[in-house]
Amino acid sequence: MLALLIRLGLRLEDRIEERRFVDQYVRGSLGWTQIAMLLGAATYASYTLWDWVLYPEVVPTTLAIRGGTAVVILLPLTALLSRRRMKPWAETIFLIYCVIPGCILPSIYLVLPSGFTFAAPGMMMIILFVSTMLPLRIGSLAIFCLLSWVALLVAETFASTMPTGLSFINHSLVGNAYALSLYAVAAREYRARKQFRTSEALQQEKERSEKSLRDLRATQEHLVQAEKLASLGQLVAGVAHEVSTPLGLALTSTAMQDDLQTMSDALGGASVRRSDLTKGIDRLKQGLNLTFENLHRASEMVHSFRQVAVHQADEDRRSFELRDWLSELMSRLGPLLSHHALTVEVHCPAGIKLNSYPGALAQVISNLALNTAAHAYPDKRGGRFVITVNQPNPRSVRLVCADEGVGIPDHLQAHIFDPFVTTSREKGNAGLGLHIAFNLVTSSLNGRLLLESKASPGTQIVIEIPVEEHVAREPRRLEV
């Protein structure tokens, strides 16, 4: 039987899923079911009114049977469902609630003078109530049908007189009602189980998708950290390269040591010529000047790189003049970009003032410049990176960052700002530079970052940002 129900789709193979389905199907709306049970008890007792209309002399007996069943059995069973510990037994309570009135009802027809003339309509009313108002499964409904039908058969055996053919008509009608109710409940349960399996599959797919999304976000965070570390390594390499030259000149200059030794030997002798002393002092001055100049140059470079880091980490909103700010930024980025032999040109008219986030804008331009150095000129022979600024209207500023490098392949242009899109993955690039710049422009700067195609070789990326926002807002978190 169990295998047949599973085959018909009226039973789930997994016991845990079957238990969850029963909890949802049978015990899902107990409040509404209790209201239906109260209505059923009232209807069952109210049929005494029909008895009073037709046969007033038997009303005390039928009222005792109907009313007693409603008060003693139906209402207490309804109240039991309000107790939490009885909820696991809800389907059993429903079955008892249906079977007892269904088995008692045929006894009333033994009392009525009309006998079993109205037995079929009475039984059909109970069948209609059970199949439509209570969340019984097909198995429980089959038990109810069997027991109530047997009760009707037994009651008929005690009938004193039965018109010819009445029993056949009653059982035909009741049998049809049973068949229709079994089909209706089976169809309802089948649809509910199908919907349950669909919702379970959707839930599992949702959980898998959420897990995949969590894994993807973890991977993205890991790659973002790797990209940051790569950028930090690139910055450190540039700083080391630029600072090592003046420091090396300052530390490896041995001319002053030789001059000092010569002067010391001369002063230890019998006589010292004025020309030798003057010559030695001049050479010491030259050496000290060279050392001082190189140390000063190294100090300025360290200060510049420090200012770049502080400037790009600045998230405060402030007003600034764009041309002077760009010149200052490029002067600070110059040593790092010169490491890639990249020449930067800035064409910006004076008088353009922005009220925005200079730290975010500096990060965007730095990413574009470093991306140009790494991808536009992969042979490391250097090239040009040109920033052209114009103001198409008083409310916005347009910065065009262009190069004359190898350009971007056509199949990547539509996805160039997507995360993890790169043409140099074999070199360790994660493909997040332009995506980070895109997020900064759209979120923090409230602007647009566009890729414009060019007829000549190279790439042209446009930054459009508002001059000033009327409502100040905090920059949003970068989303990857």
Side-chain angles (χ1 to χ4, degrees), residues 304 307-308 310-338 340-377 382-405 407-408 413 416-417 433-470 472-473 475:
S304 296
Q307 289 298 318
V308 169
V310 172
H311 189 58
Q312 293 187 2
D314 181 20
E315 287 293 345
D316 292 335
R317 184 184 187 89
R318 63 182 178 88
S319 297
F320 56 95
E321 206 276 335
L322 188 56
R323 187 172 74 169
D324 293 342
W325 181 85
L326 282 173
S327 300
E328 181 184 0
L329 176 64
M330 291 299 106
S331 66
R332 290 170 177 171
L333 286 176
L336 180 58
L337 298 178
S338 64
H340 299 275
L342 186 67
T343 302
V344 180
E345 299 179 12
V346 178
H347 305 289
C348 178
I352 298 179
K353 292 186 177 181
L354 295 180
N355 184 1
S356 187
Y357 299 96
L361 184 58
Q363 182 67 51
V364 171
I365 295 177
S366 300
N367 281 14
L368 295 179
L370 293 174
N371 193 73
T372 298
H375 300 283
Y377 306 102
R384 297 171 65 237
F385 180 71
V386 182
I387 303 175
T388 305
V389 182
N390 60 72
Q391 194 169 7
N393 58 71
R395 296 185 300 276
S396 64
V397 170
R398 178 183 172 95
L399 295 87
V400 181
C401 302
D403 62 68
E404 299 173 351
I408 300 173
Q413 290 189 10
I416 195 63
F417 297 119
L434 290 180
H435 179 66
I436 292 173
F438 180 83
N439 274 348
L440 285 172
V441 172
T442 56
S443 61
S444 295
L445 301 177
N446 196 26
R448 296 193 304 165
L449 191 64
L450 308 172
L451 175 66
E452 291 191 351
S453 59
K454 295 176 57 179
S456 59
T459 303
Q460 184 168 294
I461 294 179
V462 178
I463 305 171
E464 295 180 354
I465 56 176
V467 172
E468 182 176 6
E469 295 182 67
H470 296 291
R473 60 183 181 87

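Computed from heavy atoms alone, side chains included, the values below leave out hydrogens, waters and symmetry copies.
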For Leu445, run the side-chain contact (heavy atoms from CB on, under 4.5 Å) check against Leu440, Leu354, Leu361 and tell me which one passes.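 Between Leu445 and the candidates, side-chain contact (heavy atoms from CB on, under 4.5 Å) is satisfied uniquely by Leu361.
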
side-chain contact (heavy atoms from CB on, under 4.5 Å), paired with Cys348, selected from Asn390, Val389, Ile387: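 That would be Val389.
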
Do [X] and [Y] have side chains that get closer than 4.5 Å, going by heavy atoms?
{"X": "Gln391", "Y": "Val467", "value": "yes"}
{"X": "Cys401", "Y": "Gln460", "value": "no"}
{"X": "Asn446", "Y": "Thr442", "value": "no"}
{"X": "Val397", "Y": "Leu399", "value": "yes"}

Taking atom [atom1] of [X] and atom [atom2] of [Y], what is their separation to the nearest 0.5 Å?
{"X": "Leu370", "Y": "His375", "atom1": "CG", "atom2": "NE2", "answer": "9.5 Å"}
{"X": "Thr372", "Y": "Phe385", "atom1": "OG1", "atom2": "CZ", "answer": "4.5 Å"}
{"X": "Arg384", "Y": "Tyr377", "atom1": "CZ", "atom2": "OH", "answer": "7.5 Å"}
{"X": "Ile408", "Y": "Leu451", "atom1": "CD1", "atom2": "CG", "answer": "4.5 Å"}
{"X": "Phe438", "Y": "Asn367", "atom1": "CZ", "atom2": "CG", "answer": "14.0 Å"}
{"X": "Glu345", "Y": "Thr388", "atom1": "CD", "atom2": "OG1", "answer": "8.5 Å"}

Kindly indicate, with the supporting measurements, whether the criterion side chain to side chain contact (heavy atoms under 4.5 Å, CB included) is fulfilled by Val400 and Ile461. CA-CA 6 Å; Val400 181; Ile461 294 179; over 6 Å; no

Which atom names give the shortest non-hydrogen contact between [X] and [Y], and what distance separates them?
{"X": "Ala373", "Y": "Leu342", "answer": "CB-CD2, 4.0 Å"}
{"X": "Met330", "Y": "Ile365", "answer": "CE-CG2, 3.7 Å"}
{"X": "Val364", "Y": "Ala437", "answer": "CG2-O, 3.8 Å"}

Lys/Arg N to Asp/Glu carboxylate O, Glu321 vs Lys353, below 4.0 Å: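 Lys353 and Glu321: not salt-bridged.
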
As a quick check of understanding, evaluate side chain to side chain contact (heavy atoms under 4.5 Å, CB included) for Arg398 and Val462, giving each step before the final call. CA-CA 7 Å; Arg398 178 183 172 95; Val462 178; 3.5 Å; yes

Kindly say whether Thr459 contributes a backbone atom to a donor-acceptor pair with the side chain of Asp403 at under 3.5 angstrom?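 Present.
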
Would you say the side-chain atoms of Arg317 pair up with the backbone N or O of Asn355, donor to acceptor, closer than 3.5 Å?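 Side chain of Arg317 to backbone of Asn355, a donor-acceptor pair under 3.5 Å: yes, one is there.
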
Glu464/Leu450 under side chain to side chain contact (heavy atoms under 4.5 Å, CB included): CA gap, chis, key distance, verdict: CA-CA 8 Å; Glu464 295 180 354; Leu450 308 172; 4.1 Å; yes

Taking atom types as modelled, find out whether Asp324 and Ser327 have a side-chain donor-acceptor pair closer than 3.5 angstrom.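 No, no side-chain donor-acceptor pair sits under 3.5 Å.
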
